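So the structure is just underneath, and the comments pick up after that.
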There are 2 protein chains.
Amino acid sequence: MRPTVHDIAAAAGVSLATVDRVLNLRPGVRTVTREKVEKAIERIGYIRDVAAANLAKSRIYPLVFILPAGDNSFMRGLEAEIRAAIERSAFERTQISIVTVPAFDAPALQAALEEAHAIRPAGIAVVAVDSPEVAASVNRLRDDGIPVVTLVSDLSGSNRDHFAGVDNTAAGRTAGNLMGRFLGERPGPVAVLAGSMLVRDHRERLEGFRAVLDAEFPGRTILPVLEGHDDPTEAERLVRGALETHPDIAGIYSLGAGNRGLITALKTSPSKPCVIAHELTPHTRRALQDSLIDAVLNQDAGHEVRSAIRVLKAKADGLAVIGAQERIRIDIFLKDNLPFDEARTPREDL
Amino acid sequence: MRPTVHDIAAAAGVSLATVDRVLNLRPGVRTVTREKVEKAIERIGYIRDVAAANLAKSRIYPLVFILPAGDNSFMRGLEAEIRAAIERSAFERTQISIVTVPAFDAPALQAALEEAHAIRPAGIAVVAVDSPEVAASVNRLRDDGIPVVTLVSDLSGSNRDHFAGVDNTAAGRTAGNLMGRFLGERPGPVAVLAGSMLVRDHRERLEGFRAVLDAEFPGRTILPVLEGHDDPTEAERLVRGALETHPDIAGIYSLGAGNRGLITALKTSPSKPCVIAHELTPHTRRALQDSLIDAVLNQDAGHEVRSAIRVLKAKADGLAVIGAQERIRIDIFLKDNLPFDEARTPREDL
DNA sequence: CTGTTAGCGCATTCAC
DNA sequence: GTGAATGCGCTAACAG
């Protein structure tokens with residue numbers, strides 16, 4: 001049988017209450033007593049039963065998720081995953097609220113963070129806009145003992161506890177490597193469609209992509225970046241324009257959202273460039289199956305949400321997490337390894 | 001506040017014990033009473049607190065993992081992940097034992113299953129050899145109420161509760177697609193190195209690979225399969241022989257283990273074929289970095305082990321699992337998206 | 001500063 | 001058939 005608080009109390013010759021005070025770092029214990037208890041804990045190899053502790057505390061974890069509003073398939077998918085987590089909240093002792101703010105809007109995000117701060121939740125997960133003011137708000141939260149996890153896009157110069165997202169530089173490099181190899185000897189430049197250079201994930205992807213193409217596929221030129229603000233209409237216009245101006249475009253790397261517009265433009269294009277895009281949505285999935293897109297790099301939104309929750313709960317309790325379990329992978333999808341569409345097929349496991 | 005057993009008892013006008021009998025499907029309750037209680041449960045929307053239940057029961061989950069013995073990097077990595085899970089067993093209320101059996105040996109595996117059966121654990125995870133006798137043993141376990149999860153390689157004709165592994169046909173297709181594209185116009189046949197056609201995962205990978213190459217890259221011939229029994233020495237001999245017999249080999253797909261031998265053979269090869277292999281081990285990682293291997297398809301052993309444990313616990317309790325969380329991905333690694341080597345770098349999160 | 005006691009939500013004896 | 005009482009391991013009043 002695992003040792004319990006009673007065993008510690010007996011071994012140290014004190015009462016349960018004193019043991020509890022030591023375990024939970026509460027004041028009101030003489031240093032000698034404290035040391036006596038700590039020795040006993042060490043000696044008998046006590047491991048706290050977190051479940052029992054949570055039961056006794058009737059602990060629930062109020063969490064706030066802040067993410068961009070708007071018509072962005074990936075972000076709406078992320079929101080759906082958060083709602084799925086809300087469904088499970090009874091089992092996971094969480095109480096999750098969702099806040100949406102205008103995309104790429106640092107002041108709005110900051111306001112949302114301050115508002116969330118006032119609620120004093122057990123933790124906050126936020127899709128960051130990379131700005132100093134946002135970082136300042138996050139640091140204030142941390143100073144106040146509220147754990148913060150950045151989600152999808154990270155925040156420079158902040159003390160956020162954890163980043164639940166992919167290594168976007170590596171993602172860009174991977175896209176570059178695939179693009180270079182898929183194109184082979186095919187001549188022509190490569191176009192890049194981005195959302196905004198205001199978010200760190202987009203900047204990092206571009207950087208990685210550039211680095212690999214320059215180093216390993218010299219002679220392949222990259223056209224000036226098209227900034228489509230994750231808007232399908234704008235993306236379509238930009239891509240259409242690029243394909244007209246440069247009819248010899250060999251490849252397109254779409255590193256942001258707005259892929260619906262990209263796909264529309266591709267459908268009427270006389271040439272068939274090699275296309276690599278990010279995030280598996282209903283649109284990119286379809287385009288992959290139709291061979292309009294050659295590869296999709298994805299981050300698993302469900303994994304990111306579950307990971308953010310696990311990490312926030314652990315940080316709130318000062319517990320460790322399983323490092324490997326919280327690493328978000330860069331999923332590479334070709335049309336041959338698409339996962340089943342869970343929205344359209346019944347689950348087998350429930 | 002969430003309703004508890006007390007609330008049910010009050011609402012139904014019975015005692016706690018009766019509520020418990022109904023909840024846990026125990027006999028000794030009149031049908032009328034039972035229905036009265038069930039109505040109350042329904043009405044007040046009761047959700048059982050599993051943590052509290054486990055506390056009251058002092059429940060632990062004895063689990064058995066059965067995997068192949070021998071000098072196979074992937075399997076030893078899998079074993080290391082199981083040992084990591086054993087480290088966490090105090091927190092997860094598990095008690096895990098590891099059993100190793102000779103590889104590709106159905107009778108030995110069957111004996112191990114029978115032995116595990118005698119222990120009557122809460123669940124069994126097994127790397128299956130695909131044979132009817134093994135399936136029979138598994139079915140007997142199931143009939144006896146012991147949940148079984150197949151790990152890495154699945155078992156045909158059995159009632160295993162769940163398969164914790166990748167879709168190997170899709171993995172083979174993915175390898176075929178990548179191989180076809182990476183080779184582009186480069187002439188020459190493709191060699192395939194397998195372990196054994198006795199395990200289902202290898203058969204399925206080959207099938208998928210063949211299907212895509214035949215359908216989408218006609219004109220690319222596949223040489224007769226080399227069967228290396230996951231043994232480095234044998235693999236090296238076979239690959240060396242193939243490269244001598246067919247100096248124009250353009251690509252090699254290694255769909256099993258024994259990659260150490262493959263890599264040794266590649267190092268002294270005058271030609272530089274495009275190589276796609278399975279499983280990220282220290283050897284394949286290094287070869288990827290050295291550009292001896294072009295892509296590695298991987299299954300995350302840590303994820304598989306954690307998933308198997310979650311599923312076995314859930315099945316033992318008759319609970320649901322989060323489908324998406326238990327889907328094991330086909331990870332595609334190029335040298336640009338290699339994860340940090342956790343064995344050699346300090347963890348940031350603990 | 002330290003100890004006693006009740007209770008978190010549930011399961012399980014043992015009476016009735 | 002049914003109910004009252006006790007305890008799982010821990011926390012949190014409230015006394016002393």
Side-chain angles (χ1 to χ4, degrees), chain A residues 1-38 40-41 44-61 89-93 95 122 313 316-319, chain B residues 1-38 40-41 44-61 89-95 122 316-319:
Chain A
M1 224 43 190
R2 251 168 70 183
T4 74
V5 280
H6 291 90
D7 300 319
I8 305 175
V14 297
S15 77
L16 282 186
T18 302
V19 172
D20 186 66
R21 290 188 187 100
V22 174
L23 280 176
N24 293 299
L25 307 173
R26 268 189 280 272
V29 185
R30 261 190 311 170
T31 316
V32 261
T33 321
R34 160 154 288 136
E35 282 170 355
K36 204 165 53 176
V37 174
E38 280 164 351
I41 293 176
I44 66 180
Y46 170 79
I47 301 174
R48 179 208 228 97
D49 185 330
V50 190
N54 281 341
L55 174 60
K57 281 191 287 203
S58 311
R59 185 150 176 37
I60 53 157
Y61 301 80
S89 52
F91 300 97
E92 302 182 347
R93 309 189 95 88
Q95 192 190 12
K313 285 172 73 173
D317 292 339
L319 294 175
Chain B
M1 223 44 189
R2 251 168 70 181
T4 74
V5 280
H6 290 90
D7 300 320
I8 305 176
V14 297
S15 77
L16 284 185
T18 302
V19 172
D20 186 67
R21 290 187 186 100
V22 175
L23 279 176
N24 293 300
L25 308 173
R26 268 188 279 271
V29 185
R30 262 188 312 170
T31 317
V32 262
T33 322
R34 161 154 287 137
E35 283 171 353
K36 205 165 53 177
V37 174
E38 280 164 350
I41 292 176
I44 66 179
Y46 170 79
I47 302 173
R48 180 208 225 96
D49 184 329
V50 190
N54 281 341
L55 174 61
K57 282 191 285 204
S58 311
R59 185 154 181 28
I60 52 157
Y61 300 82
S89 53
F91 301 97
E92 301 181 347
R93 309 188 94 86
T94 52
Q95 192 191 9
D317 293 337
L319 293 176

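Since this is a predicted model, take the numbers as computed values, not measurements. Order of the sequence lines sets the chain letters (A, B, ...), proteins ahead of strands, with each chain counted from 1.
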Item to complete: For C/dT2, take OP1 and OP2 only and decide whether either is under 4.0 Å from a side-chain N or O of A/T33.
Response: yes

Item to complete: Would you mind classifying the nucleic acid contact of A/V14 as base, sugar-phosphate or nothing, using non-hydrogen atoms under 4.0 angstrom?
Response: sugar-phosphate

Discussion item. Any side-chain to backbone donor/acceptor pair from A/K36 onto A/V14? Under 3.5 Å, distance only.
Written reply: no

Practice prompt. Scan nucleotides 7-16 of chain C nucleotide by nucleotide, 5' to 3', and note B when protein non-hydrogen atoms come under 4.0 Å of the base, S if they reach only the sugar-phosphate, - if neither.
Written response: BBBBBB----

Item to complete: Would you please confirm or rule out a distance under 4.0 Å between OP1 or OP2 of C/dT4 and any side-chain N or O of A/S15?
Response: no

Worksheet item: Between C/dT2 atom C1' and A/R34 atom CZ, what is the distance in whole Å?
Response: 13 Å

Worksheet item: Which whole-number value in Å describes the distance from B/F91 CZ to D/dG9 P?
Response: 16 Å

Worksheet item: Between CD1 of A/I47 and OG1 of A/T4, what distance do you get to the nearest 0.5 Å?
Response: 12.5 Å

Worksheet item: Would a distance-only check, ignoring hydrogens and angles, find a side-chain to backbone donor-acceptor pair under 3.5 Å from B/R93 to B/R59?
Response: yes

Worksheet item: Quick one: salt bridge (charged side-chain N to carboxylate O under 4.0 Å, His left out) pairs with a partner in residues 17-31 of chain A, sequence neighbours left out?
Response: A/D20-A/R26

Fill in: A/I8 CD1 - C/dT2 C1' separation (whole Å)
16 Å

Worksheet item: Do you know which two heavy atoms are closest between A/G45 and A/P3, and how far apart they sit?
Response: O-CG, 3.6 Å

Worksheet item: Atom CZ of B/R48 and atom CD1 of B/I41: how far apart are they, to the nearest 0.5 Å?
Response: 9.0 Å

